[in-house]
Q: 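Sharing a structure here in structure tokens format.
Every chain is numbered from 1, with letters handed out A, B, ... down the list of sequences. Worth saying up front: this structure is predicted, and the values here are computed from it rather than measured.
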Number of protein chains: 2
Amino acid sequence: MSASDNSKFNIAVAQSGGPTAAINASLAGVFLRASECPEIGKIYGSINGIEGMINGELTPLDSIITCDADAQLLKKTPSTVLGSCRYKLAAYDPNDSVTESEYMSIINTFEEYNIKAFFYIGGNDSMDTVMKLSSYCKAVGKDIKIIGVPKTIDNDLPGTDHTPGFGSAAKYVATTLQEIIRDSRVYSIQSITIVEIMGRNAGWLTASSCVLRANGEPAPHLIYVPEAFPNGFEMERFLDDVAQMMKRYRAVIIAVSEGIVPADRKYVKTGADAFGHTDNSGVAKYLEHCCSERFGCKVRSIELNVMQRCSSHIASLTDIEEAEKIGRAAVDCALEGNTGRMMGFRRISNEPYRIEIVSFDVADAANKEKYLPENWITPDRSGVTTDALNYFLPLIQGEVVTEYRNGIPVHFRLNQ
Amino acid sequence: MSASDNSKFNIAVAQSGGPTAAINASLAGVFLRASECPEIGKIYGSINGIEGMINGELTPLDSIITCDADAQLLKKTPSTVLGSCRYKLAAYDPNDSVTESEYMSIINTFEEYNIKAFFYIGGNDSMDTVMKLSSYCKAVGKDIKIIGVPKTIDNDLPGTDHTPGFGSAAKYVATTLQEIIRDSRVYSIQSITIVEIMGRNAGWLTASSCVLRANGEPAPHLIYVPEAFPNGFEMERFLDDVAQMMKRYRAVIIAVSEGIVPADRKYVKTGADAFGHTDNSGVAKYLEHCCSERFGCKVRSIELNVMQRCSSHIASLTDIEEAEKIGRAAVDCALEGNTGRMMGFRRISNEPYRIEIVSFDVADAANKEKYLPENWITPDRSGVTTDALNYFLPLIQGEVVTEYRNGIPVHFRLNQ
């Protein structure tokens, strides 16, 4: 891919893993930057992540993104316009015909479409694909640059200060939690509200609910992240925490990571329905039952569910702009001759908030998770520190201007 | 309360029932209009609805709303800044000392504070209070005007075209549902997503999800409202509907009212947790189990929960403006000498959307529910008609300009 190549080459980009509000902004970034590069010809989108590369399902992005207005709208559209997958490439094994045929299918696609660089926007598992595919290309002597672009609302990718998608999820959580707080305070009776927030192993998103403090809001009064309970969540201690807060607040608000596992693990099965299904209700529902049992007051649980990962209408402008920039930077990284790299952010300062975009060996991120720092969790295990607040706050700043048609946000739509 | 009164008199206003995004806008409307009236002195807010009148807990609103910026912020703040209650006055009975003492307490508060008009912002139950209290005042010869200002996201109050709070809830439902639709389409596998929307007996809010059609979005593919199933929800028919939609759409989206009751009613108990609690999961969770059982594909259920009634950040400007106007009109209605009236909207036309504010005997609304018209439900019982779409669409138009501080919407805050 040196400048001495006579003819143009093509590139491909794919999206993988769970949706976010920012993953299309990174796609737009790759597309917009690549469109500016004279050495790049066609820019292909792979349908449903790596599956599209295996099955040869590509679409030329300039047939979808036909003008700047399209690109701008794409940046404001949640989820993955090219579809996604949860497919994980197996480790290359020349003795396993299925695996070998998969890698060969991808190489065939690269060659058939003259693709010299592939950009994979995704999380931990997707970085594993970047790592395996770049190693394979090197091993078989194919000069194809494979670059990972981070994306996850979980914010759990190592090597980067934070991940695109996280800031918008955090802004949704803060905005919605504040509205739930208003809702919870209307009656004169004692109540407990438990809000379950995504994050199975890493509590970043739950911890980010502390940002309401910046505006003088004391709630959520209790914040529980998985990292605080390596030996399991202690129910008695939790109930004591709640009892203490009930003395101070009429409406106690609790933010809890979905990944909290009570030490007794009873919550995994909350019962069976008429069909004999066990109902794997979340931890918030379980804690609701426990609080009702103990305190006898009004208790409710709320799951923010998929809304927290796809709420583009309340996206963080900082997040969306950074997601585009990191997509653009990925193209430059490949043009500079790199492969097997993941793009990341390095934070230079909090006030003013400044970052730079870096790249590093994808092996440092693939299949690894980054956890909330131990010293950001308060000693009582039920809150987070001011350092955490200072980290989160810049990531939720700014609002995207949403376009409305018939009173409803306009989305970029590829198909039904 | 004639113009010939020498001295000024005072008024009081209270908020009741479940929170909405617009109930504070009606409060602001009462306050702002009353502030313009030379005959009105103090404007009191009753804390926690009628409970504040019984207990003499009033606060002068000008000590809370100190400037126009306060009033503007109040209009954008969800829930009830004065608190709320679920308290229902008993019918007046001179032989029941408890009841009599309650009515007398209210009259004492009126007299102590020189209150000649009382505005109650609420739903069906609150209109019952307006009816009883105005009748009592007449019966005991007290010239105190009692006026009801409608409020409910359920949109089920008779006598008015629609209720303040509904339009904002509908805009939230449409916006969020569209994002859930984007989220549901990312994978290449078949899936079913069931979204549970508020409305126990009336399906207005669930039906309003049809507005996405105005922008060419075919989902939700199935819409189920309680009014369509007077004899109970037929599970086999439902599963057949889903099977039909699965032939046409990879990701089937279903909107269902919380009030849908499967004919077998099994859903009421989906099991018991470790403590023996029965888990009263909603109907969506039950339908999720049934679909999983039948189709074996990816099925998920989502409850929009309290977010749909308090999401001011995506409020309908039409709704917020109308909520203020109807609060203002209530003051004029009292000044004109009326009592025992509920304010309402009469729709003059859809295109252009025009309404007028009217008042009518509160007895026509108290304790009554207004249902979705039978002829707005499609013959197959799984959708709504274009007449419904045309009714809903004007109510979600326009966006409120949200003020942000530290990246989070600013709310009017009375206390913690």
Side-chain angles (χ1 to χ4, degrees), chain A residues 19 48 51 77-80 83-86 171 174-176 178-180 182-183 185-188 211-212 214-215 218 249 266 270-275 277 279 281 285-286 289 292-293 302-303 305-307 309-314 316 393 396-399 404-409 411 416, chain B residues 19 48 51 77-80 83-86 171 174-176 178-180 182-183 185-188 211-212 214-215 218 249 266 270-275 277 279 281 285-286 289 292-293 302-303 305-307 309-314 316 393 396-399 404-409 411 416:
Chain A
N48 290 120
E51 290 177 4
T77 300
S79 195
T80 60
S84 183
C85 68
R86 291 278 186 197
K171 192 179 182 94
T175 300
T176 302
Q178 186 180 221
E179 290 170 343
I180 292 171
R182 289 283 99 71
D183 189 278
R185 291 195 182 133
V186 296
Y187 300 119
S188 53
V211 295
L212 293 175
N215 287 0
Y249 301 102
K266 281 182 193 162
T270 59
D273 69 5
F275 285 107
H277 276 290
D279 180 11
S281 288
K285 178 64 83 181
Y286 178 71
H289 290 322
S292 288
E293 182 84 1
I302 298 168
E303 277 188 58
N305 217 307
V306 301
M307 290 81 90
R309 71 183 188 191
C310 62
S311 285
S312 283
H313 75 277
I314 186 72
S316 155
L393 214 45
I396 64 166
Q397 299 308 307
E399 292 75 47
Y404 290 83
R405 188 184 303 142
N406 287 311
I408 304 158
H411 285 175
Q416 299 313 330
Chain B
N48 291 120
E51 290 177 3
T77 299
S79 193
T80 60
S84 183
C85 70
R86 291 278 186 197
K171 191 179 183 92
T175 300
T176 301
Q178 186 180 222
E179 291 171 341
I180 291 170
R182 290 282 99 72
D183 188 279
R185 289 192 182 136
V186 296
Y187 301 118
S188 52
V211 295
L212 293 176
N215 287 359
Y249 301 103
K266 279 183 196 164
T270 58
D273 69 6
F275 286 108
H277 276 290
D279 180 10
S281 289
K285 176 66 80 181
Y286 179 73
H289 290 321
S292 287
E293 182 85 0
I302 297 168
E303 276 187 59
N305 216 308
V306 299
M307 289 83 87
R309 71 183 187 190
C310 62
S311 286
S312 284
H313 74 276
I314 187 73
S316 155
L393 214 46
I396 64 165
Q397 299 307 308
E399 292 76 46
Y404 290 84
R405 188 185 302 144
N406 286 310
I408 305 157
H411 285 176
Q416 298 311 329

Q: Given the options A:Asn48, A:Asn215, A:Ile396, which has more heavy-atom pairs under 4.5 Å with chain B than any of the others?
A: A:Asn215
Q: Given 3.5 Å as the limit, does a donor-acceptor pair link the side chain of A:Gln178 with the main chain of B:Pro409, or not?
A: yes
Q: Top residue by heavy-atom pair count (under 4.5 Å) with chain A, among B:His411, B:Gln397, B:Lys171?
A: B:His411
Q: So which residue, B:Ala174, B:Ala214, B:Ser84, ends up with the most heavy-atom pairs under 4.5 Å with chain A?
A: B:Ser84
Q: Is it the backbone or the side chain of A:Ser316 that comes under 4.5 Å from a heavy atom of chain B, or both, or neither?
A: neither
Q: I want to check something: taking the side chain as every heavy atom from C-beta on, are A:Arg309 and A:Pro78 in contact at a cut-off of under 4.5 Å?
A: no
Q: What heavy-atom pair brings A:Glu51 and A:Cys85 nearest, and what distance separates the two atoms?
A: OE2-CB, 3.6 Å
Q: Select, from A:Asn305, A:Asp183, A:Thr80, the one with the greatest count of heavy-atom pairs under 4.5 Å involving chain B.
A: A:Asp183
Q: Please identify, among A:Thr175, A:Leu212, A:Val211, the residue contributing the most non-hydrogen atom pairs under 4.5 Å to chain B.
A: A:Thr175
Q: With sequence neighbours left out, write down each residue that passes side-chain contact (heavy atoms from CB on, under 4.5 Å) with B:Ser311, or none if nothing qualifies.
A: A:Glu179, B:Tyr172, B:Met307, B:His313, B:Ile314
Q: Using non-hydrogen atoms only, which part of B:Arg86 is less than 4.5 Å away from chain A: side chain, backbone, both, or neither?
A: both
Q: Charged N to carboxylate O under 4.0 angstrom, A:Glu303 versus A:Lys285?
A: no
Q: So for A:Ser188, is it side chain, backbone, both, or neither that comes closer than 4.5 Å to the heavy atoms of chain B?
A: both
Q: Under 4.5 Å heavy-atom distance to chain A, tell me which part of B:Ser312 shows up: side chain, backbone, both or neither.
A: both
Q: Shorter than 4.5 Å, heavy atoms on both sides: which option in A:Gly398, A:Pro19, A:Gly83 has the most such pairs with chain B?
A: A:Pro19
Q: What part of B:Tyr404 gets within 4.5 angstrom of chain A, counting heavy atoms only: side chain, backbone, both, or neither?
A: side chain
Q: Evaluate the side chain to side chain contact (heavy atoms under 4.5 Å, CB included) criterion for residues B:Leu393 and A:Asn406: first the C-alpha distance (whole Å), next the side-chain angles of each, then the deciding distance (0.1 Å), finally the verdict.
A: CA-CA 7 Å; B:Leu393 214 46; A:Asn406 287 311; 4.2 Å; yes
